[in-house]
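Comments concern the structure below.
Just so you know, ligand 1 is whichever comes first in the structure, and atom 1 is the first atom listed for that ligand.
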Amino acid sequence: MTDALIVIDVQNDFCPGGQLAVSGGDEIVDPINNMMGDFGLVILSQDWHPSDHMSFHTNQHGGTPFAEIQMPYGMQTLWPEHCIIGTEGAEFHPKLHQDRAAAIVRKGMNPAIDSYSTFFENDRKTPTGLTGLLRERAVTSVTLVGLATDFCVAFSAIDAAKQGFKVSVRMDTCRAIDNQGSLERALSAMRTNGVELV
Ligand code: VGL
Ligand code: ZN
């Protein structure tokens, strides 16, 4: 039985100075590095978008950042361009100990579907393969940290719980976008799905 640490999207674009900066996003890097030794397995998640990704407001005619649009798979928030494959913004924060990670799960590569969760794309059907990796490595419980609490951390935590893992989110090593009540909604959705908020 292994407890895995899943580090969500600690990338330059989500840190101060980045394209979709999360307030205090860089403050969590040292504490996350310090936690890594306590876990049997460390996984990094990396938001990884082609430049024609439909979640970018610039790819939706007249779309403004943070507006909601209807997509075939449901409602989608439009974002500033971020984490474009091959750019510095898509790289992990330079101080993050990525050498400790057994695997890096990239998500959001399909230009037609966003992927907040590191388990399933936003159609809620297309898997990344992380569930199988964790099961094959005998992982039973997962701890999530990273960016952003109210989007990629929350979606990942809820999917992990639905896949049968015991899930906790360490709130002191997460930071939120918190746009229009998104943090409150995400916290209550995580609680409803049996995610432990520590
Ligand atoms: C994220 C919005 C768009 C995140 C990623 O990592 O929380 N949020 N892409
Ligand atoms: Zn993204």
F66 and L20: which non-hydrogen atoms are nearest, and at how many Å?
-> CZ-CD1, 4.1 Å

Shortest non-hydrogen separation from Y73 to D123 and the atoms involved | CB-CA, 3.8 Å

Shortest-distance N, O or S atom of [X] relative to the Zn ion (ligand 2):
| X | answer |
| --- | --- |
| D47 | OD2 |
| H82 | NE2 |
| H49 | NE2 |

Identify all N/O pairs between ligand 1 and the protein with a separation under 3.5 Å and present them as a table of atom names and distances.
unit_1	atom_1	unit_2	atom_2	d
ligand 1	6 (O)	D9	OD2	2.7
ligand 1	6 (O)	L147	O	3.3
ligand 1	7 (O)	A148	N	3.0
ligand 1	7 (O)	C152	N	3.1
ligand 1	9 (N)	D47	OD2	3.1
ligand 1	9 (N)	H82	NE2	3.1

Check the side chains of [Y] and [X] for a donor-acceptor pair under 3.5 angstrom, ignoring hydrogens and angles.
| X | Y | value |
| --- | --- | --- |
| H53 | N59 | no |
| D159 | S156 | no |
| D114 | Q76 | yes |

Option passing side chain to side chain contact (heavy atoms under 4.5 Å, CB included) with F14 (candidates D47, I177, I8) | D47

What is the ring orientation for F56 with H82, classed by angle as parallel under 30°, tilted 30 to 60°, or perpendicular over 60°?
-> perpendicular

